Engineer: 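Below you will find the structure I want to go over with you.
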Amino acid sequence: MRGINLGNESAEYTAAIEELRRAETEMMRQRQHVAELKRRLPEGPVVEDYLFHEGPADLAAGDDPVREVRLSELFSGPDRPLMLYHFMYGKEQDRPCASCTMSIDGFDSVAGHLAGTLDFAVVAAAELPALRAYARDRGWTGLRLLSAAPSRFKYDLGSEDSAGGQDATVSVFTRDEGGAVRHFYSTHVRMADGNDQQATDLLSPVWQLLDLTPQGRSDWYPRLSR
């Protein structure tokens, strides 16, 4: 293990750093254990072949023609998982979520890297023209954008309540040998009481970088800068 070589640390600081190192090592091992539990999940339930609306792949090409696409059609090949990020935008969420926006800014940057392993798309309850207009403003040119407005997808997967309230969720799906789409795993922003908005924060490096500082996250929350 390589540490720092300043040579003038106090005994108190050195002891505290060692305690922190052990705690971080244990956290890393726990994350690896959790990831292994996910990989060992048994085959999930078959889900409805939900309907989405999608515009041209090129955002600059406008919003027409709008085409209908089924969940099963989002898979680009066999043995590839499909990951959908549920964007908090639409219905009761009449303004795009700032925290979701921050995460999706990052997804757009790494979309090309993800494409070698999985299929990825962003799904919102907002109507397609509003979603695409916002994506243009943010420069999300590398992402597949879908409107779930015509279906119960977000409600059934737990990212929308009966009143149209939205929540951030990530859902992963697989296709079995017969072609049926199965739910593999979903994680929500709030997975337990007292765990406010931290269940999906590993998806954004911003939270992790803030946690490295003396003040931590404090009361910081993303604000839309443009």
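Positions are given from 1 along the sequence. Just so we're clear, the structure is a prediction, and the values are computed from it rather than from any experiment.
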Engineer: Identify the two heavy atoms, one from Ser147 and one from Ala125, that lie closest to each other, and give their separation to 0.1 Å.
Structural biologist: OG-O, 4.5 Å
Engineer: In residues 22-32, what donor-acceptor pairs under 3.5 Å come from side-chain atoms, sequence neighbours left out?
Structural biologist:
| residue | atom | partner | partner atom | Å |
| --- | --- | --- | --- | --- |
| Arg22 | NH1 | Glu18 | OE2 | 3.4 |
| Thr25 | OG1 | Arg21 | O | 2.8 |

Engineer: First locate atom OG of Ser109, then atom CG of Leu114, and finally report the distance between them rounded to the nearest 0.5 Å.
Structural biologist: 11.0 Å
Engineer: Closer than 3.5 angstrom, by distance alone: can the side chain of Gln93 be matched with the main-chain N or O of Arg95 as a donor-acceptor pair?
Structural biologist: yes
Engineer: Compare every heavy atom of Met102 with every heavy atom of Pro222, then report the nearest pair and how far apart it is.
Structural biologist: CB-SD, 4.0 Å
Engineer: How close do Ser186 and Leu157 get, heavy atom to heavy atom, and via which atoms?
Structural biologist: OG-CD1, 3.7 Å
Engineer: Please say yes or no: joined through hydrophobic side-chain contacts below 4.5 Å, possibly via intermediate residues, are Ile104 and Leu118 part of one cluster?
Structural biologist: yes
Engineer: Decide side-chain contact (heavy atoms from CB on, under 4.5 Å) for Leu145 and Leu59; before the verdict, give the C-alpha distance in whole Å, the side-chain angles of both, and the deciding distance to 0.1 Å.
Structural biologist: CA-CA 10 Å; Leu145 304 168; Leu59 273 177; 4.0 Å; yes
Engineer: Where do Thr14 and Glu9 come nearest, in terms of heavy atoms and distance?
Structural biologist: OG1-CB, 3.5 Å
Engineer: When rounded to the nearest 0.5 angstrom, what distance separates OG1 in Thr174 from CD in Glu43?
Structural biologist: 7.0 Å
Engineer: Cluster question for you: counting only ILVMFWY and a side-chain heavy-atom cut-off of under 4.5 Å, with indirect links fine, are Val110 and Leu82 together?
Structural biologist: no
Engineer: Which distance, rounded to the nearest 0.5 Å, do you find between the NE2 of His53 and the CZ of Arg67?
Structural biologist: 11.0 Å
Engineer: Can you check whether Gln166 reaches Glu92 side chain to side chain, under 4.5 Å on heavy atoms?
Structural biologist: no
Engineer: Counting neighbours of CD on Gln208 that are heavy atoms of other residues, nucleotides or ligands and sit closer than 6.0 Å, is the number greater than 12?
Structural biologist: yes
Engineer: For the atom pair NZ (Lys38) and OH (Tyr185), what is the distance rounded to the nearest 0.5 Å?
Structural biologist: 4.0 Å
Engineer: Should Val122 and Tyr89 count as side-chain neighbours, where that means a heavy-atom distance under 4.5 Å?
Structural biologist: no
Engineer: Contact between Glu160 and Asp167 at the side-chain level, heavy atoms closer than 4.5 Å - yes or no?
Structural biologist: no
Engineer: Please check if the distance between the ring centroids of Phe107 and Trp140 is under 6.0 Å.
Structural biologist: no
Engineer: Taking the side chain as every heavy atom from C-beta outward, state whether Arg132 and Pro56 have any atom pair closer than 4.5 Å.
Structural biologist: yes
Engineer: Pairing donors with acceptors under 3.5 angstrom, does anything connect the side chains of Ser171 and His86?
Structural biologist: yes
Engineer: Tell me if the CZ atom of Phe75 is crowded by more than 12 foreign heavy atoms within 6.0 Å.
Structural biologist: yes
Engineer: Is there a path of hydrophobic side-chain contacts, each under 4.5 Å between heavy atoms, that joins Phe153 and Met83?
Structural biologist: no
Engineer: Could you state whether Leu146 and Leu51 fall into the same hydrophobic cluster, counting links through intermediate Ile, Leu, Val, Met, Phe, Trp or Tyr residues with side-chain heavy atoms under 4.5 angstrom apart?
Structural biologist: no
Engineer: One thing to verify: whether Asp49 and Arg70 come together as a salt bridge, which I'm taking to mean a side-chain N less than 4.0 angstrom from a carboxylate O.
Structural biologist: no
Engineer: For Val206 and Trp220, what are the C-alpha separation, side-chain angles and deciding distance, and is it a side-chain contact (heavy atoms from CB on, under 4.5 Å)?
Structural biologist: CA-CA 11 Å; Val206 176; Trp220 184 88; 3.5 Å; yes
Engineer: Does any non-hydrogen side-chain atom of Leu74 lie less than 4.5 Å from one of Val69?
Structural biologist: yes
Engineer: Just how far is it from atom CG of Leu143 to atom CZ of Arg138, taken to the nearest 0.5 Å?
Structural biologist: 12.0 Å
Engineer: Is it true that Lys154 and Asp161 make a salt bridge, defined as a side-chain N closer than 4.0 Å to a carboxylate O?
Structural biologist: no
Engineer: Ignoring hydrogens, what is the shortest heavy-atom contact between Gly55 and Leu128? Give both atom names and the distance.
Structural biologist: N-CD2, 3.4 Å
Engineer: Are Arg182 and Arg175 close enough that some pair of their side-chain heavy atoms sits under 4.5 Å apart?
Structural biologist: no
Engineer: Any side-chain heavy atom of Phe87 within less than 4.5 Å of one from Val123?
Structural biologist: no
Engineer: Answer yes or no: does atom CD of Glu19 have more than 12 heavy-atom neighbours from other residues, nucleotides or ligands under 6.0 Å?
Structural biologist: no
Engineer: Check the surroundings of atom CG in Asp211: do more than 12 heavy atoms from other residues, nucleotides or ligands lie under 6.0 Å from it?
Structural biologist: yes
Engineer: Taking Ser218 for the side chain and Gln215 for the main chain, is one N or O donor matched with an acceptor at less than 3.5 Å?
Structural biologist: no
Engineer: Taking Asp119 for the side chain and Arg80 for the main chain, is one N or O donor matched with an acceptor at less than 3.5 Å?
Structural biologist: no
Engineer: Determine the minimum heavy-atom distance between Ser162 and Tyr155, stating which atoms define it.
Structural biologist: N-CE1, 3.8 Å
Engineer: Any side-chain heavy atom of Phe120 sitting closer than 4.5 Å to one from Leu84?
Structural biologist: no
Engineer: To the nearest 0.5 angstrom, please state how far the CD atom of Glu73 sits from the CD atom of Glu68.
Structural biologist: 9.5 Å
Engineer: Going by atom types only, do Ser159 and Thr169 share a side-chain donor-acceptor pair under 3.5 Å?
Structural biologist: no
Engineer: When hydrophobic residues are tied together by side-chain contacts of less than 4.5 Å, even through go-betweens, does Tyr85 share a cluster with Val172?
Structural biologist: yes
